[in-house]
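To start, the structure itself, in structure tokens.
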There are 2 protein chains.
Amino acid sequence: MTDSSNDVTPDRLCKADALPPSDQHAQQYVAVRNAHETELLEDYVELIAHLLKHQGEARSTDIAARMGVSQATVSKTVTRLKALGLVSSKPYRSLFLTEKGEAMAAMSHQRHAIVLQFLRALGVSDRTARIDAEGMEHHVSQETLDIMQRYTREQERRSS
Amino acid sequence: MTDSSNDVTPDRLCKADALPPSDQHAQQYVAVRNAHETELLEDYVELIAHLLKHQGEARSTDIAARMGVSQATVSKTVTRLKALGLVSSKPYRSLFLTEKGEAMAAMSHQRHAIVLQFLRALGVSDRTARIDAEGMEHHVSQETLDIMQRYTREQERRSS
DNA sequence: CCTACAAGTTAACCTTGGCTAAAATATTAG
DNA sequence: CTAATATTTTAGCCAAGGTTAACTTGTAGG
Ligand SMILES: [Mn+2]
Ligand SMILES: [Mn+2]
Ligand SMILES: [Mn+2]
Ligand SMILES: [Mn+2]
């Protein structure tokens, strides 16, 4: 027997804490695990694109310094990027992006920029915004990106 | 020998696109890698706390279903949680949180809730907000959390 | 009390993404 | 041109997190 007449408050208290149904909940974690799979690849191609554009070439040693990892780690990851058709290079030479790599870099960079600018527009300090954006960017859906972009533009309009 | 920190490029053109100095940039990635180390642990203890509170007990099989992984995976991760002093249990029995586990669960849950409510306040749909929050939560600094919370409260005040 | 079935564990395997140390290659100085 | 130095690659190691298959343990029905 369910008494629906006096569970108004309990329902509201519970509602906020309730988890979605099991299968929907599981899909949340699946989405996160999927994001983790491409996260590092995105950061690499984004960085390589930046180095190509601003330094003229993308060297492993620069990537290692920027990413805060050893050169051996870069070498191994680059092997994977090449296997995935995102990067091309000759042994012991600097790196280039394939068409596919450039496309991923462009997407990643744009998304990264939207998140970073949104955080700054919200009032987060530059340093913190950069740190948070570096991680958050890989978990922001298109729907949320659109809303962030609208907010940022609105904010910029107001302060001009 | 290439100077990685060369600033030959004109300031005006570069400014919006410029990366932070190499060591600061590296620290961004270090922060993300650190977050990744605790991410799964946080999700587990948060889920266990929820099950204990709302179901009375936390069974491996429920966790597996909610997380979308196999029971074997849960078993192995729980072994790690126990080794870290976050969870306690007897073989073949259901799970409990240690003091330390409860503390982590409380922090994680609060942070998760702040991010989720913020996304909803921004106008993101419930379904998307839940997915994004599941990943974003682990990469949001205290500074940003505070700002998100303020924004959400302001939004709630307006629409009441 | 036994027996089926549900739940939990273990073993063997895989990929990712880190590391250090050593080897190979490229570049630069003399 | 050669020797020193810088860069890149390779080999061998490790932990995290996932899988399937097989085994162990717990529990509920007849
Ligand atoms: Mn990025
Ligand atoms: Mn990133
Ligand atoms: Mn969470
Ligand atoms: Mn999460």
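All values reported here derive from a predicted model rather than from experimental measurement. To find a chain, count down the sequence lines: A is the first, B the second, and so on, and within it residues start at 1.
Considering only side-chain N and O atoms, Arg59(A) lies under 4.0 angstrom from the phosphate OP1 or OP2 of dT8(D). An OP1 or OP2 oxygen of dG18(C) is reached within less than 4.0 angstrom by no side-chain nitrogen or oxygen of Thr73(A). Side-chain N/O atoms of Ser60(A) include none lying less than 4.0 angstrom from OP1 or OP2 on dT7(D).
The separation between Tyr29(B) atom OH and dG18(C) atom P is 11 Å, rounded to whole Å. Look at CD on Glu37(B): it is 18 Å from P on dC14(D), rounded to the nearest Å. Protein atom CG of Leu40(B) is 18 Å distant from nucleotide atom P of dT16(C), rounded to whole Å. Rounded to an integer number of Å, the gap from Asn34(A) CG to dG18(D) C1' is 13 Å. The separation between Leu84(A) atom CG and dT16(C) atom P is 8 Å, rounded to whole Å. Straight-line distance from the CG atom of Asp62(A) to the C1' atom of dT8(D): 13 Å, rounded to whole Å. Atom C1' of nucleotide dT9(D) and atom NZ of Lys90(A) are separated by 18 Å, given to the nearest angstrom. For the pair Ile63(A) CD1 and dT9(D) C1', the computed distance is 14 Å after rounding to whole Å.
In summary, the side chains of Ser88(A) and Lys82(A) do not present any donor paired with an acceptor at a separation below 3.5 Å, with no hydrogens or angles considered. Between the side chains of Asp146(B) and Gln142(B), at least one donor N or O sits under 3.5 Å from an acceptor N or O.
Relative to the side chain of Tyr92(B), the nucleotides dT9(D), dG12(D), dG8(C) differ in distance, and dG8(C) lies closest. Across dT20(C), dT9(C), dC13(C), the shortest atom-to-atom separation from the side chain of Ser75(B) is found for dT9(C). The listed nucleotides are dT19(D), dC19(C), dG18(C); the one nearest the side chain of Val69(B) is dT19(D). The side chain of Gln71(B) approaches dG8(C) more closely than any other nucleotide in the set dG18(D), dG18(C), dG8(C).
Each of Lys76(A) and Pro91(A) lies near DNA chain C, and the nucleotide nearest Lys76(A) is the one positioned closer to the 5' end. Residue whose closest nucleotide on DNA chain C sits further toward the 5' end, between Thr77(A) and Arg93(A): Thr77(A). Along DNA chain D, the nucleotide closest to Val78(A) and the one closest to Arg33(A) are compared, and the more 5′ of them pairs with Val78(A). Mapping Ala72(B) and Lys82(A) onto DNA chain D by nearest heavy atom places Lys82(A) at the nucleotide closer to the 5' end.
Of the charged side-chain nitrogens involved, at least one lies within less than 4.0 Å of a carboxylate oxygen, so that Glu154(A) and Arg158(A) count as a salt-bridged pair.
Under the 6.0 Å cut-off for aromatic ring centres, His36(A) and His36(B) qualify, their centroids lying closer than that.
Here Thr61(B) lies in heavy-atom contact (under 4.0 Å) with sugar-phosphate atoms only.
Criterion: ILVMFWY side-chain heavy atoms under 4.5 Å apart, direct or through other members. Under it, Tyr44(A) and Met107(A) are not part of a common hydrophobic cluster.
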